[in-house]
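I have placed the structure first, in the form of structure tokens, so that the comments after it can refer back to it.
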Amino acid sequence: METDDAPAQPNDDCVETCTVSVKGLTENWQKWSNDHCENQKHNPFSNSKVIPPQIQRGQEGYGRPLEGSKTEQRGKDAHSHISREVTELCQVIMESGESGDDGRPAVRFGTLFERYVTISNKLVGVLLRARKQGLVHFEGEMLWQGRDDGVLQGLKPAEN
């Protein structure tokens with residue numbers, strides 16, 4: 001029976017892995033620290049002396065959130081949501097409206113309010129948005145329930 005009397009050698013892979021792991025942690029911490037310091041240079045509430053760059057009116061990106069930020073994503077989500085509501089409003093007008101002299105569907109505000117209030121409580125805001133997009137036409141600046149129940153809401157013809 002042969003036995004190896006040589007002492008067991010430590011596993012070099014484990015030692016190297018542990019060293020790389022600690023080194024990796026150190027590098028990650030340093031990278032985080034550097035990134036944090038750089039971000040603080042642009043933070044208007046920090047005590048750093050660097051003044052963050054200001055985008056002036058007329059420059060690209062003025063009045064817009066940073067590209068890729070959560071604020072930008074929330075804005076995109078809100079835009080797609082209101083677009084769906086405007087589309088749904090136009091569909092309700094087409095379904096509940098009657099064709100006018102010009103062939104476009106139109107419905108009175110009171111009727112539209114009664115029908116649409118089960119879908120959304122923001123009818124006037126959605127109507128204003130649809131008018132801004134050129135999809136709906138009605139007279140006046142604002143519509144009021146009761147007072148403007150007889151005002152016709154008409155879909156605008158598609159532009160060629």
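Every value quoted in this text rests on a predicted model; they were computed, and no experiment measured them. Just so you know, these numbers use all the heavy atoms, side chains as well, and skip hydrogens, waters and symmetry mates.
Residues passing the side chain to side chain contact (heavy atoms under 4.5 Å, CB included) test with Ser99: none are found, sequence neighbours excluded. Listed by chain and number, the residues in a side chain to side chain contact (heavy atoms under 4.5 Å, CB included) with Arg108 are Thr111, Leu152 (sequence neighbours excluded). Residues meeting the side chain to side chain donor-acceptor pair (under 3.5 Å) test with Lys132, sequence neighbours left out: none. Considering only residues two or more places apart in sequence or on other chains, Asp77 meets the salt bridge (charged side-chain N to carboxylate O under 4.0 Å, His left out) condition with none of them. Remark: Glu60 engages no residue in a salt bridge (charged side-chain N to carboxylate O under 4.0 Å, His left out) (not counting sequence neighbours). Checked against side chain to side chain donor-acceptor pair (under 3.5 Å), Thr71 has the following partners two or more places apart in sequence or in another chain: Arg74. Not counting sequence neighbours, Gln59 has no partner by the side chain to side chain donor-acceptor pair (under 3.5 Å) test. For Glu72, the side chain to side chain contact (heavy atoms under 4.5 Å, CB included) criterion is met by Pro65, Glu67, Ser69, Lys76, not counting sequence neighbours. Among residues two or more places apart in sequence or in another chain, the side chain to side chain donor-acceptor pair (under 3.5 Å) test is passed with His81 by Glu85.
Applying the 4.5 Å side-chain rule to ILVMFWY residues, one finds Trp29 in the same cluster as Trp32.
Among residues at least two apart or in separate chains, salt bridge (charged side-chain N to carboxylate O under 4.0 Å, His left out) pairs with a member in residues 29-39 are Lys31-Asp35, Glu38-Lys41.
Closest heavy-atom contact between Leu123 and Phe109: CD2-CE1, 3.7 Å. For Leu135 against Cys90, the heavy-atom pair with the smallest separation is CB-SG, 4.1 Å. Shortest non-hydrogen contact noted between Gly97 and Val107 is CA-CB, 3.9 Å.
Rounding to the nearest 0.5 Å gives a distance of 13.5 Å between CD of Glu98 and CD1 of Ile93.
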Determine, step by step, whether Leu112 and Leu89 satisfy the side-chain contact (heavy atoms from CB on, under 4.5 Å) criterion, reporting the C-alpha distance in whole Å, the side-chain angles of both residues, the deciding distance to 0.1 Å, and the verdict.
CA-CA 9 Å; Leu112 182 62; Leu89 172 68; 4.1 Å; yes

